[in-house]
Amino acid sequence: MTTVHEWTGLEARALRRALRMSVRVFAQHLGVAPRTVAKWDQLGTTTRPRPDTQAILDTALARANSATHLRFETLLLELGQDVDQGLRVTRMGPRAWDYETWTDDLDRAVVALSRQSFSCATDLLNRWLTRYDPHALDDKGLYLFARSTTLFGDLQRDQGAVAGPLSARRSYLNARSIYGQLDIPRRIAQLDLSLAVVAEMGGRLDEAAKEYEALAVDDRLSPRDRARARLWVGTALSKNDKNDYAARLMTTAIREFENLGEPEDWSVAHQKLALAHRGAGNLSEALRLIDLARATAVTDAPMQRVRLETAYGHVLLSDRATVDDGVMILDRAAREAAQHGLAHQLRSIEGIQRTIQGEIRLPLPRRPGSNRVSVKQQQVITDEQWQHAHTIWDYHQMHHDLSRCDVAIGLGSHDLGVARAAVDLYRAGWFPLLVFSGATSTTTAARFPRGEAVHYREHALDLGMSDEAILLEPNATNTGQNIALSRQVLADAGIRPGSVLLISKPYMERRAYATARKVWPEAEVVCASEPLELDDYVSSIGDPKLVIDMLVGDLQRVIEYPKLGYAIEQPVPGEVHDAYQALLRAGFDSRLLTP
């Protein structure tokens, strides 16, 4: 579709000829006098129709078919060359060859995603997602737009962005809305399956399992997708320590994949079944199944390679005799995950590594059928205490709507998730320049011996961020210094930003905000962090009590620092204060300020 900025006799003549109409027929078509059309033909660019006639010509062009639009543009180019005029039209939507190119680019994006070539896939998808307004597309264009949005969600999912305004979940919901408008039930069901996947990745295991169960018998899906849903019911249940039933479901899915002739899914299912047996304590069977999965793996894509090595390393770590091999394999998987920007896989690996490092006593092999005891159960954290922790976790997050900022500051800590979040936000275009800030502390010296900022920068570079977009502030040892010294680094570079995006650990957003408003009051401050639920964060750290201690300690600082002049005061709702006092009484106090 094209539209004319301003009609002259030249464009009117081109439209008449594109419609293949005589002067008289064209005049009747528009409802004007034949002498008016003849005048347009004769005077060309030196005459301009009246405003009401301009609107009539707009309508005639809008109602023309694609073949007419193509002839119209071609004639305008030819006629414009004769009178030294450029093409004075705007293309409003895709044409037939655009649709073909768009379809080709989607096929190329699928291949790029299968190889985890994220930058290539991003370029191919954004070429179309940023070109057209979906409200101006016809049904074919809308279908391609929905497919592009779905693939962009797959890209975000593979990079670990599963929640928040710039996440796979948001992209999947947008695509689902379009498919609903187009009334394509199969695509809607497929997106329901994808939404269940990101729910599982976000730690909402019960929600994911229920959705998988419904989709496993949903006739809108293909037999393969229903079998995958059945497999993923087992995956979610296994992560929730329901390993026996999970193994039965996975075994059923394996038979279905075999009947369907799906070797890749068959191999992946054995990998997941191995982890279920590991969780149940049946290590010999887990090792047999993971060996089978490794021997029959169909694809050598980085994503599947990392997943398979992670599962293999996790199984080996569960036996004292093979711990060293497991550590080596997990280290190798972590390096490859970082190299390809597989943030979610990297978080999973780091969570496993921290659990092993934090537990000097490794779990002994258990008899088949014995129940696995969760970390939560080992540390006797009650459901009421978990509810209190969730209340404080939610309070610590500012829930700011993202807006483009002049710069960003990545606040140093023990958590590499800050660097991952910074890379994701940079790629999404929320800021052009980033300062990583942080020296070392007693809690980070062993993990980041060369300083938090230095290690953050290296991790960001591993994930593909441009070095030119990163500045370092390597001296800060607290949040106030993070902000003040980063401000000075920017000033030394001649940069005086009006808006700053603070990127921190999820439970540090409020304290960072209150500190920044005190230290840098003239700057507009927006807060962001890695989009994680509390359960997912606890899983990545591997020590629930430590995480709750940190939540309580940060809340104490939010309350006390304004009295010391370090931050502005923040209102503390009654339910948050009650949760804080209850957890203090229960002994979650290892991270409190010392008098």
Side-chain angles (χ1 to χ4, degrees), residues 1 3 59 62-69 91-110 113 121 124-158 162-163 165-202 204 207-233 256 260 262 265:
M1 295 291 291
T3 184
T59 301
R63 290 176 175 174
N65 59 29
S66 58
T68 300
H69 276 268
R91 298 186 176 112
M92 296 298 290
R95 284 82 51 86
W97 58 85
D98 288 321
Y99 285 143
E100 292 180 7
T101 305
W102 195 346
T103 302
D104 290 342
D105 278 352
L106 290 180
D107 291 340
R108 293 166 63 200
V110 169
L113 282 174
L124 289 167
L125 295 172
N126 278 337
R127 180 181 300 175
W128 302 99
L129 290 174
T130 59
R131 181 178 298 185
Y132 298 120
D133 178 357
H135 298 95
L137 294 171
D138 60 16
D139 284 356
K140 184 171 184 178
L142 272 178
Y143 179 80
L144 292 174
F145 196 92
R147 274 199 66 202
S148 302
T149 306
T150 300
L151 288 173
F152 198 77
D154 293 345
L155 185 152
Q156 292 168 308
R157 179 199 64 204
D158 289 352
V162 297
L166 293 173
S167 67
R169 183 176 185 276
R170 174 53 52 193
S171 294
Y172 288 149
L173 287 172
N174 290 340
R176 191 184 189 283
S177 175
I178 295 174
Y179 284 131
Q181 179 182 338
L182 295 172
D183 192 22
I184 306 178
R186 179 175 63 91
R187 292 293 189 184
I188 294 171
Q190 288 174 335
L191 282 163
D192 288 339
L193 193 56
S194 296
L195 285 165
V197 170
V198 298
E200 180 188 340
M201 291 173 68
R204 302 193 304 277
E207 174 188 333
K210 289 179 181 177
E211 188 64 20
Y212 289 145
E213 285 174 346
L215 292 166
V217 292
D218 194 323
D219 288 339
R220 294 176 300 170
L221 291 172
S222 68
R224 181 196 179 196
D225 281 337
R226 291 199 298 272
R228 293 169 79 189
R230 189 183 303 275
L231 173 66
W232 294 338
V233 176
E256 292 178 5
L260 292 168
E262 295 288 350
D265 290 318

K.L.:
Can you tell me which residue pairs pass the salt bridge (Lys or Arg N to Asp or Glu O under 4.0 Å) test with a partner in residues 187-199, sequence neighbours excluded?
P.N.:
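Non-adjacent pairs meeting salt bridge (Lys or Arg N to Asp or Glu O under 4.0 Å): Arg176-Asp192, Asp192-Arg220.
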K.L.:
Mind checking the CG-CG spacing from Asp107 to Leu124? Nearest 0.5 Å is all I need.
P.N.:
10.5 Å
K.L.:
Looking only at heavy atoms, what is the nearest atom pair of Ala121 and Leu155, with distance?
P.N.:
CB-CD1, 3.7 Å
K.L.:
Can you find a heavy atom in the side chain of Leu215 that is under 4.5 Å from one in the side chain of Trp232?
P.N.:
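No. Closest side-chain heavy atoms not under 4.5 Å.
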K.L.:
How far apart are the closest heavy atoms of Leu137 and Leu142, and which atoms are they?
P.N.:
CB-N, 3.9 Å
K.L.:
Distance check, rounded to the nearest 0.5 Å: Leu260 atom CG versus Arg228 atom CZ?
P.N.:
11.5 Å
K.L.:
Once you round to the nearest 0.5 Å, how far does OH of Tyr179 lie from OH of Tyr172?
P.N.:
11.5 Å
K.L.:
Identify all side-chain donor-acceptor contacts of residues 193-201 below 3.5 Å with residues at least two apart in sequence or on another chain.
P.N.:
from   : atom 1 : to     : atom 2 : distance (Å)
Ser194 : OG     : Gln190 : O      : 3.3
Glu200 : OE1    : Tyr212 : OH     : 2.8
Glu200 : OE2    : Lys239 : NZ     : 2.9

K.L.:
Please find the pair of heavy atoms, one from Glu256 and one from Ala227, that lie closest to each other, and give the distance.
P.N.:
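That closest heavy-atom pairing would be OE1-CB, 3.1 Å.
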K.L.:
Taking Asn65 for the side chain and Thr68 for the main chain, is one N or O donor matched with an acceptor at less than 3.5 Å?
P.N.:
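Present.
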K.L.:
Nearest 0.5 Å please: distance from the CZ atom of Arg186 over to the CG atom of Asp219.
P.N.:
14.0 Å
K.L.:
Tell me, with the steps shown, if Thr101 and Trp128 meet side-chain contact (heavy atoms from CB on, under 4.5 Å).
P.N.:
CA-CA 10 Å; Thr101 305; Trp128 302 99; 3.7 Å; yes
K.L.:
Testing the basics here: between Trp102 and Gly141, what is the closest heavy-atom pair and its distance to 0.1 Å?
P.N.:
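Distance-wise, the nearest heavy atoms are CH2-O, 3.7 Å.
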K.L.:
Nearest 0.5 angstrom please: Asp105 CG to Arg108 CZ, how far?
P.N.:
5.0 Å
K.L.:
Within the structure provided, determine whether Leu151 and Leu113 are in side-chain contact (heavy-atom separation under 4.5 Å).
P.N.:
yes
K.L.:
Where do Val110 and Arg147 come nearest, in terms of heavy atoms and distance?
P.N.:
CG2-NH2, 4.4 Å
K.L.:
Where do Ser171 and Thr149 come nearest, in terms of heavy atoms and distance?
P.N.:
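Where Ser171 meets Thr149 most closely, the heavy atoms are O-CG2, 3.3 Å.
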K.L.:
Measure the CG-CD distance between Leu144 and Glu100 for me, rounded to the nearest 0.5 Å.
P.N.:
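Leu144 CG to Glu100 CD: 11.0 Å, rounded to 0.5 Å.
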